[in-house]
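Following: one structure in structure tokens, then a few remarks.
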Protein chains: 2
Amino acid sequence: MNEIEKDRGPKFRRRAEARPDEVLDAALALFIEKGFAATRVEDIAKRAGLSKGAVYLYFPSKEAVLEALVRRAIVPIADSALQTLHDYEGDPRIVIGLVLNMLAARLSDPRILAMPKLIFREVLGFPELAQMYRREVIDRVIPAVEGLIRRGIDQGYLRQVDPSLTIRSIIGPLLLHVAMAELFGIMPEGGLHLDKLVDNHLSILFDGLSAPPSAKTWSAS
Amino acid sequence: MNEIEKDRGPKFRRRAEARPDEVLDAALALFIEKGFAATRVEDIAKRAGLSKGAVYLYFPSKEAVLEALVRRAIVPIADSALQTLHDYEGDPRIVIGLVLNMLAARLSDPRILAMPKLIFREVLGFPELAQMYRREVIDRVIPAVEGLIRRGIDQGYLRQVDPSLTIRSIIGPLLLHVAMAELFGIMPEGGLHLDKLVDNHLSILFDGLSAPPSAKTWSAS
DNA sequence: AGGTAATAACTGACCGGACGGTCATTTGCA
DNA sequence: TGCAAATGACCGTCCGGTCAGTTATTACCT
């Protein structure tokens with residue numbers, strides 16, 4: 001009798017099947033506010049307009065919620081960076097500038113800004129998160145950037161530097177800026193001003209902190 | 001009669017009154033290994049050769065242990081940095097080099113290396129730790145470094161940069177290097193090689209990543 | 001249309017075990 | 001004997017995860 005019904009795929013749904021995303025949104029807000037450990041699954045459920053049990057209909061564990069959350073936020077960013085890295089051929093400084101400015105733009109969304117904090121806090125106690133982040137982000141981005149720097153040196157755009165270590169000099173300042181703001185509330189007057197940070201950093205990164213030896217050649221504004 | 005002994009301070013003790021420090025040592029080892037939340041007070045006690053109750057003879061709470069731990073490790077470092085910052089007058093690049101190399105040397109002790117990770121992990125859920133760290137470190141070091149940079153600019157050693165934002169460019173790479181190693185095990189072959197990182201970073205920080213416009217002036221080895 | 005059966009979606013009381021902190025009791029030293 | 005030092009059983013609480021039961025939605029039948 002019901003054989004006909006069977007093949008009709010998903011038949012109905014009390015509310016949309018956007019549920020998993022709603023749960024992730026709620027969890028993100030609470031994780032940002034109180035951290036992973038201090039957030040109860042029931043709080044997530046309440047905020048998403050569900051009961052605790054329903055959360056476990058969509059995610060096998062609290063940790064799985066965190067992992068899904070992080071993946072949803074960062075994978076698109078990594079993809080975007082990789083895209084830029086691949087697309088351009090010439091002066092690597094241009095690519096570095098593009099990527100850093102892209103990052104700055106993305107980080108102006110508080111949902112994204114909170115990611116470094118979350119990841120830092122939880123990777124130690126949650127190996128699966130660490131593995132996911134390595135696989136999805138680090139292990140894809142690092143080789144690309146190393147290659148970029150290496151090519152930049154070969155083609156005479158950059159000085160002889162250690163490509164691997166130089167990655168730290170490129171993105172470290174961004175991380176520190178976010179960390180200071182997120183963990184201690186230390187930031188420039190009136191906001192993060194990530195664009196200004198990137199400007200200042202790029203000028204140092206490319207041209208150095210030292211004043212030109214004698215003559216005032218050209219001061220970038 | 002025993003008055004002579006008495007004024008020697010603590011009269012007796014089933015074992016020495018080095019106890020608090022022993023507890024801190026044990027706690028540090030475990031916090032490094034498993035993190036703060038995952039470490040039970042009883043584990044700390046066992047490792048220090050005490051019972052759980054005895055820990056509460058010396059510290060009012062588990063959190064107090066962490067705070068004491070962090071303070072013991074970082075305050076001497078901050079003091080040392082401040083000292084250097086105060087002592088030298090001329091080229092700020094020399095001071096920056098000294099401080100960064102001092103930091104690199106200190107961080108080669110795993111007990112110190114673990115501090116950034118611990119602090120990052122726990123500040124969110126432990127406001128007192130955040131306040132302590134701000135008071136003891138950040139609020140003392142930042143003004144000193146800003147002053148150094150400002151003077152460096154005024155005296156013609158450095159280009160016009162934003163002193164406050166430039167701090168991120170100076171120490172951010174160090175932090176990222178430590179974070180990558182501690183959180184993901186990503187580091188150069190055979191160790192952190194913090195000295196190499198600092199060398200590479202300082203050359204970029206001072207002279208920039210760009211190759212000299214035309215002539216090969218002087219390449220540092 | 002109205003009734004009914006089938007079932008997806010959801011609920012919330014409950015369980016189990018972990019763990020920070022307490023305190024009555026014991027131990028060791030003078 | 002007196003008392004500081006140290007113990008460890010115990011308590012209260014918290015919370016992730018489960019599951020038997022309930023509700024909402026649809027398909028089908030008359």
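Order of the sequence lines fixes the chain letters, A, B, ..., with proteins taken first and strands second; residue numbering starts at 1 for each chain. For the numbers below, each heavy atom of this structure counts, side chains included, while hydrogens, waters and symmetry mates do not.
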Checklist entry - Using 4.0 Å as the upper bound for N to carboxylate O, is an ion pair formed by A:Arg72 and A:Asp25? => result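 A:Arg72 and A:Asp25: salt-bridged.
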Item to check | Pairwise distance CD(B:Glu89) to CZ(B:Arg151) - rounded to 0.5 angstrom | outcome: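 CZ of B:Arg151 is found 6.0 Å from CD of B:Glu89.
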My understanding is that only residues two or more places apart in sequence, or in another chain, count here; which of them pass side-chain hydrogen bond (donor to acceptor under 3.5 Å, both in side chains) with [X]?
| X | result |
| --- | --- |
| B:Asn101 | none |
| A:Asp195 | none |
| A:Arg71 | A:Glu136 |

Item to check | Pairs meeting criterion ring pair (Phe, Tyr, Trp, His ring centres under 6.0 Å) with involvement of residues 59-81 of chain A, two or more places apart | outcome: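 Non-adjacent pairs meeting ring pair (Phe, Tyr, Trp, His ring centres under 6.0 Å): zero.
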Item to check | B:Met180 and A:Arg168, any side-chain heavy atoms less than 4.5 Å apart | outcome: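 Side-chain contact under 4.5 Å: yes.
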Checklist entry - When you look at CZ of A:Arg111, are more than 12 heavy atoms from neighbouring residues, nucleotides or ligands closer to it than 6.0 Å? => result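 Check fails, neighbour count at 12 or below.
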Checklist entry - Paired stems touching DNA chain D, three or more consecutive Watson-Crick or G-U pairs with both distances under 3.5 Å? => result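 In DNA chain D, stems of three or more pairs: C:1-30 with D:1-30.
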Gap between atoms [atom1] and [atom2], on [X] and [N] respectively (whole Å):
| X | N | atom1 | atom2 | result |
| --- | --- | --- | --- | --- |
| A:Leu57 | C:dT11 | CG | C1' | 10 Å |
| A:Phe59 | D:dG16 | CZ | P | 15 Å |
| A:Ile44 | C:dT11 | CD1 | C1' | 17 Å |

Next on the checklist: Using a 4.0 Å heavy-atom cut-off to protein, can you give one letter per nucleotide of nucleotides 16-22 of chain C, 5' to 3': B if the base is in contact, S if only the sugar-phosphate is, - if neither?
Outcome noted: ---SBBB
Next on the checklist: Less than 4.0 angstrom between a side-chain N/O of B:Tyr58 and OP1 or OP2 of D:dA6, yes or no?
Outcome noted: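 For B:Tyr58, the contact criterion (side-chain N or O under 4.0 Å from OP1 or OP2 of D:dA6) is met.
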Checklist entry - With a non-hydrogen cut-off below 4.0 angstrom, is B:Leu50 in contact with a base, only sugar-phosphate, or nothing? => result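 Touches sugar-phosphate only.
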